[in-house]
Amino acid sequence: MKEVTGSYNPREVEAGVQDYWKREKIYARVQELRKDGKAFFFVDGPPYTTGNIHLGTAWNKIIKDAILRYHRMQGRNIIERAGYDMHGLPIEVKVEHQLGFTSKKDIEEYGIAAFIEQCRTFAVTHMESMSDQFRQLGIWLDFDDPYQTIKPEYIESAWWAVQRAEERGLLERGHRVVNWCPRCETAIADSEVEYWDETDPSIFVKFPIAGRENEYLVIWTTTPWTLPANVAVAVNTAFTYARVAAKKDGHEEILWIADELVESVLKMGRYQDYTVLERVNGSDLVGTEYTSPLAGQVPHQAEIRHRVVAADYVALENTGLVHIAPGHGWDDYLVGIQEGLEVFCPVDAGGCFTPEAGAFADMYVRDANDLVIEALGDYLLARRTITHRYGHCWRCKTPIIYRATAQWFIKATEIRESMLEEITKVKWYPEWAGSARFHDFVKDSRDWCISRQRYWGIPIPIWQCEQCGKRTVIGTIAELEERSGVKVPDPHRPYVDEIVIPCACGGEMRRVADIFDVWFDSAVASWATLGFPRKREAFDRLWPADFITEGQDQTRGWFYSQLGASTVAFGRAPYKSVLMHGFALDAEGRKMSKSFGNVVTPEEVVNQFGVDVLRFYVLWANAPWDDLKFNWDSVKTIHRTLNILWNVYRFPLPYMILDSFEPAAGDGGRWDDSFVRAHIKDMPKEDRWIISRVNSLARTMAGDMQEYYLHKVTRALAAFILEDLSRWYVQLVRARMWLEEDSPEKRYAYETVYYVMRRLTALLAPFTPHIAEEIYRNLRLAGDPESVHMLDWPEADDLLIAPDLESAMEVIRSFDDAVATARQNGKRKLRWPVSETVVVTGSDEVKTALEGLNDLALNRANARAVRVVTGAWDRILWKAEPVMRAIGPEFGKEGPKVKALIESADGTTLKAAIERDGKAELDGYAITERHVTFTEALPEGVFAAPMKDATVYVDVTLTPALEAEGYAREVIRRIQEMRRQLDLNVDDFIVAAVNVDDERVASLISEEEWQKEIAGEVRAAALTVRHNGEKPAEPFALEKDWDVEGVQMQIGISRAGE
RNA sequence: GGGCCCGUAGCAUAGCAGGUGGUGCACCCGGCUGAUAACCGGGAGGUCGUGCGUUCGAAUCGCAUCGGGCCCA
């Protein structure tokens, strides 16, 4: 043990500890230590390798680290490989940006091989930087060998899964409407679409009904550019539609509009008058044929037989008739399939019209809106604009379009039931994350489009024969090499694109051009991290994962993609338990975003307050599943808490060292609790109490960790440090530390403090691994493990838990607070003793506690006596107040006289008489309880304050003896202060002289008893107390004038022998 | 538009198997001075988002509504 002089400097502590971990390879040794333990297979959700980590990423890893450290201390062998998600469009877009590219054409010209090298470099560089940042947060995952989605063995894990899908008939080539980014020229996942407001045209269009003169269906759309692809109009059979003769500027035309919407539509079209000719049910309209107003511009439109169809999703909005273009909308597409409509999509990958769009060919669709509107001519009924939420590509921010394309799908809808079933078998923290949130998401899930038309990703391992069309799905690189007869240098594009497999028909099979949706990469992490299918052993032993934890946004993300891929490949969920955590928000509860400028980085927090403070804060601030509202004040509070811990830790060290205290060692020079267990019966109550408390703490924490109540665990820790240790135990035990001679009391104090700190550091280790390690390193005995992280979790010791003592101590603490309040009311400082303190209570618990812990109560109250009184305390006086409402009517004009009598009577006597006899006589008048109320009147010098189930009365009246002690304490305090100013060691002796102006006070403290007391307390070899005495010949090292409660004193001190 | 979560003093948070709302920070006042660029006590501060309902009684249960978050459409 060495003394610690500095105050808590987190950055210094953390740098030292991390250096120690590195030097002594502590992480590896802890792994080694636990390798025979029961396995705990954890899968790290892979962060995407772009840029720096943010607060949410840090929170995520901190939760993981705290939980894994806890399980490790419980003896588990943790499989804890870190992982990174390194493919995908976000990186491609960043690299495109760096290279100044704007389209796929630029990439093709630059060369795919060179392009993906840039992507690879980008991903690897960022991965390394992120690992460094995580290491700095004290995260103990295996960052030296993380799983990386770009590695060949990882790519195989994905290939293998698709091969399973093919075997099970769950892989499908389908023509579907997908979210399409015209800039990136690829399909993008629903999860890659970001919504924000966009202003678009809002137009009402008349579709002429075939074979009718001047009669139209009125539809509404915000995407005029989809009109060239119109094939149908949908109505809802639950609505009534009106056939209206509408008049405008002398013309009349017949319009079909949902009955309830007629008024608003006609107003929009500025019609002056109308008549409803007939009303029909929606179903009566079904089958009605019409022609396209764009037949002149788009030749194919003239060939389509447009008709009215029924669809449930049509709402009573706008016109109640919906324009259907199966090539450009998901709902439209479904209606199209159902009705056997043509899927017409005259738009290319870049978002431009194809020649099929006739007059609009080559135009970018969003730019074509105005031309389409113009081309509608008289068929345009009304034109407005609308601001609505519209989807954009999450990477390049281009507005997306819906486009029917050929894509590869996993038929998630076919395995939906078994996915839902699997969800119920997983343990969810909290429960509703699975049973409600995730369940509802999966219930509504669609088939999963896994193909992307890009470059930096896992190539889809499907080879298709150019001649016969037969396809084959490759599961491993070895299989590919065997079947192609070619060595595969890198399973990425463009290398795999060149590999040809001979087909049985004599033709050549070539790879389909697509790569995987990047979500498919991480979906296979649970087996990829174990090297499966290349390696089998670990997979057979460990899979599925015991535990994963990610943010609530991963419900649709990683929780889902993993479940989907695993249900396809293995027919079961790849995880046994899932903790869903919240999102990191700013103090106002808003999302942190760069454009708001409200982003707080983990780095900022760490630079100011250190890693442990950040860690403790994010775990402590709220329940894991609630959103974290970041708050600097709270961070400061946590800093203060750890600072107090630090002070508590270092305060006994100088005394221990001075006394050469050696904690009792157990077997092999290893510390254990045998001393405490052997002596607990003899130890002072406060020692037994704090020992009980720290064991209770361990018990509560273990219970809460079962449910991953990280906030409760850290709050319990903070409360223990602040309330139990610092504010209470340390205050009680200080005096024993200062004892000169060796004594059992002092030894017990040392052993107790040591015991508590050893247990506490272990309890803190998962949450604040650095400060716990730092303290542990200084306290550990020679035979102890080198790191606090090698210890087992301290199980609560039932034999040392004393519930009665804990509750009795609660009473004393409440008493202590009340005494302080009463003294404050009586303006009597705690340093000044008081004669008597009385507790009036009806509670047995209070009585028992104060009697059982009377020494403690005396000490805390600084009183000559602490007494418990049940019922009434005889020194309480009562003041009688007349109740005129009762006196007036009864005594009539005698009333004022009675009032005066009551007011001047002795309330205490009056109350006693009424209580005894039911009435009292005052000058012949019978007074009963009706006529008078009593209020408590405290005797001179007595002050009261409430405590739990009791009232405390403190008599602050001074006597010469009390005064003598009070002044003596004042002198002691001043001399101590002067010792401090001289920077003396605690064991230095001094010589001192006190000169008191006031003769009476001088004589009080000159009494032998107090002079001895003062000399002893301040370690004075010589002490003189004088009244207006002459100054000593020798000047003192330090002389000061003091005003002590109005009494002037001159005090001088010097170090003895100087 | 739908699902889930959250909404308690200036800020953050506990209480939510219903029975007179706790705690921390900040604030004001005071104490302590052998943890001291620390520590401790006291005080003030609340329509428990809003409305309706169930109940003898609701922060706690139900419905509606508003605000925030994540996700979906």
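Letters A, B, ... mirror the listed sequences (proteins, then strands); counts begin at 1.
A58(B) and G1(B) have their P atoms separated by 33 Å, with the value rounded to a whole Å. Taking the C1' atom of each, G69(B) and A26(B) are spaced 26 Å apart, rounded to whole Å. Using C1' as the reference atom, U20(B) and G67(B) are 30 Å apart when rounded to the nearest Å. C48(B) sits 38 Å from G31(B) when the P atoms are compared, rounded to a whole Å. Between the P atoms of C25(B) and A64(B), the separation comes to 41 Å (whole Å). Going from the P atom of G19(B) to that of C40(B) covers 33 Å, rounded to whole Å. A gap of 27 Å separates the P atoms of C39(B) and A9(B), to the nearest Å.
Base pairing of G21(B) is not made with any nucleotide, judged by Watson-Crick or G-U wobble geometry with both donor-acceptor distances under 3.5 Å.
For Q976(A), the listed nucleotide lying nearest its side chain is G34(B); candidates were U13(B), A35(B), G34(B). Checking G15(B), A35(B), G69(B) against the side-chain heavy atoms of R437(A) singles out G69(B) as nearest.
For the pair R640(A) CZ and A35(B) P, the interatomic distance rounds to 17 Å; values are reported in whole Å. Summarising the geometry, the separation between NZ on K636(A) and P on A38(B) is reported as 13 Å, rounded to the nearest angstrom. As rounded to whole Å, 12 Å separates atom C1' of U13(B) from atom CD1 of I638(A). For the pair M580(A) CE and C71(B) P, the computed distance is 11 Å after rounding to whole Å. Nucleotide U36(B) holds its C1' atom 16 Å from the CZ atom of R979(A), rounded to whole Å. If you measure from atom NZ of K629(A) to atom P of G10(B), you get 14 Å, rounded to the nearest angstrom.
Ring orientation note: the planes of Y754(A) and F661(A) are nearly perpendicular, at an angle over 60° on the 30°/60° scale. Note on ring orientation: taking the six-membered ring where Trp is involved, the planes of Y560(A) and F441(A) are perpendicular (angle over 60°, cut-offs 30° and 60°).
Between R734(A) and F651(A) there is a side-chain heavy-atom pair separated by less than 4.5 Å.
If you check every strand for non-hydrogen atoms under 4.0 Å, T555(A) touches nothing.
Geometrically, K636(A) does not engage W632(A) in a cation-pi contact, judged by NZ or CZ lying under 6.0 Å from the ring centre and within 45° of the ring axis.
Summarising the geometry of T837(A) relative to A863(A), their closest heavy-atom pair is OG1-CB, 3.6 Å, with the distance given to 0.1 Å.
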